[in-house]
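See structure below.
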There are 2 protein chains.
Amino acid sequence: MSSTSSSAQTATPVLPTADDVRAAAERLRGVAHRTPVMTSRTLDERLGASVYFKCENLQRGGAFKFRGAYNAVSRLSDQERARGVLAYSSGNHAQAVALTGRLLGVRTAIVMPDDAPTSKVEGTRGYGAEVILYDKHTQSREELAAQLRQERAMTLIPPYDHADVVAGQGTAALELFEETGPLDALLAPCGGGGLLSGSALAAGAVSPGCRVIGVEPELADDATRSFHTGSLQTVHNPATIADGLRTPSLGRITFPLVRAHAAGMRTVSEAAIVEAMRFLWTRMKMVVEPSGAVPLAALLADPGAFRGMRIGVIISGGNVDLASACRLFADGEGGAA
Amino acid sequence: MSSTSSSAQTATPVLPTADDVRAAAERLRGVAHRTPVMTSRTLDERLGASVYFKCENLQRGGAFKFRGAYNAVSRLSDQERARGVLAYSSGNHAQAVALTGRLLGVRTAIVMPDDAPTSKVEGTRGYGAEVILYDKHTQSREELAAQLRQERAMTLIPPYDHADVVAGQGTAALELFEETGPLDALLAPCGGGGLLSGSALAAGAVSPGCRVIGVEPELADDATRSFHTGSLQTVHNPATIADGLRTPSLGRITFPLVRAHAAGMRTVSEAAIVEAMRFLWTRMKMVVEPSGAVPLAALLADPGAFRGMRIGVIISGGNVDLASACRLFADGEGGAA
């Protein structure tokens, strides 16, 4: 069993298609929130463009991650469900898998570092998951997860490099296009590339002329380099405030999808991310986490590139503790003075 | 002219009705945002109730005040419009009148204290208003406004004690009921009573069994005392963080409306207001100013009183600068420790 799955790991992966995104949308109907699309006259006047924000900070669990997790778990066999699912994440994917497990009656175990914020550990436990803490200086979460898979025969739900996860993430863009019609550009944050890949699949099917652009922090520009060089580049523990985008690289599924379907990549500075957060919080009255503000940062940094366009922006999540956000805003003010 | 208007001031005022609220809704159609109604599973489970938030923090200008200001100015004659309108406010009403003036092509002058936050002065000027600063230690804004009315023959748009302003504010509740159907209770913050009065008129017409409850800070409990004693009570510069509710008393129009149509009044502590803000920011991902969190504070403080009910809550606004909000959250954490 484990050797089969390990040989499957090295074979060429089967990539999801736009039909898989549509099928995921059916599975998520009535389960995921159909999140609102927001606009800002102030922003549109400033950019000379029309921007449509798909507000996944208002998704269940506070981030788009619920879409992919629910889609993946709901496709498991009864036997797999009975054995439970496993994830390693200290962020939004952990809560998404835990919430999915509660909704589908599937036992969940989440491997988290023992220095994860208490709020995230409590949030994950609050959804009924078993939280397994590890010391990231002495233990490898991959090894720990492998051990749990072997001992308990649980199914691992990876955060992005999985066809069903990618297809689920694409449903946010699908909903956005249903409301806006075709767009000239669609900007999504890029960490492991699940959201970007899924969004590009959706755009290709329903808004073929739309340029899908991934945005990541300058400090974590691995996907930009991978996109331009054609070979998989990595970063190691990048110090960006966009904690959702600190993933080391694109994945075996997301890299070819991004190369095939994204029109470009952009990077933004840390200061630009804080400025975009400030706009979203004060002008649009929305709590958005640093990763979720990254695409708007790209728009604000280079408005000339988007003038006259109709632009979709995926706001990926809103899970940030207030003390951390307040420190960012205070530092930003100090820096601006 | 000024003696006529001064004798009108002392006559029994004509009170607005539910029909005036409906007429205001027609005037505001396509001009005011039809703001979204949000819910929270977490909150509903905690309270054992169903709560529907009408999100006026997402209204134009960031608060419900635009509804009343626009309704009032749009009812002026061509001659009155040509002479311009005047308001005194350092808060949301100032920006609402300024924005209305820009939309209707009416000149606006706003009297503001010279220690008002720069962001609010700039925001008001940004909408094209003339800002007239005064020293609140040596000048009376009422006298200054009276002088301007005389010199320029401008029409004063008061922040709450005006039939057209009250009727405009009631349109938020009207929209809420259109989405939710009849409710058991509706909670609105109460400063001068414009929003509460208008909401009560709307409820009486479309959800007659609904108990409309005004909520104010314990530190600014004038309306609660007025409601219970039947005589107009006042407060003087209350030190509440809910800056929108620091008004000295109900008005000549709003007091009789609140007495006749509200079912009750509640007061909340400053700590409860911060707790409610924290819930709205972190769990519902919405930036809400202290005044806007006051009704939720009443629900969280006494959940037993609302168990099993369907409850509407008007979130009145989201205009708060991040530095001030961050200080409140930091103090709240210190206090809880």
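Throughout, a chain's letter reflects where its sequence line sits, starting with A, and its residues are numbered from 1. The basis for the numbers below is simple: all heavy atoms, side chains too, and nothing from hydrogens, waters or symmetry mates.
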Any chance CZ of A:Arg283 has more than 12 other-residue heavy atoms, nucleotides or ligands included, within less than 6.0 Å? no
Interface residues of residues 39-46 of chain B facing chain A - non-hydrogen atoms under 4.5 Å apart: B:Arg41
Rounded at 0.5 Å granularity, tell me how far NZ in A:Lys285 sits from OG1 in B:Thr35. 13.5 Å
When only heavy atoms count and the cut-off is under 4.5 Å, which of residues 47-68 of chain A reach chain B? A:Asn57, A:Leu58, A:Arg60, A:Gly62
What residues form a side-chain contact (heavy atoms from CB on, under 4.5 Å) with A:Ala87, not counting sequence neighbours? A:His93, A:Val97, A:Ile110
Top residue by heavy-atom pair count (under 4.5 Å) with chain A, among B:Asn319, B:Leu280, B:Val287, B:Val288? B:Val287
Which residues in residues 168-176 of chain A have a heavy atom less than 4.5 Å from any heavy atom of chain B? none
Is it the side chain or the backbone of B:Asp321 that comes within 4.5 Å of chain A heavy atoms, both, or neither? neither
Okay, B:Met284 and chain A: the region with an atom under 4.5 Å from a heavy atom over there is backbone
Side-chain heavy-atom pair A:Leu322, B:Thr282 within 4.5 angstrom cut-off: yes
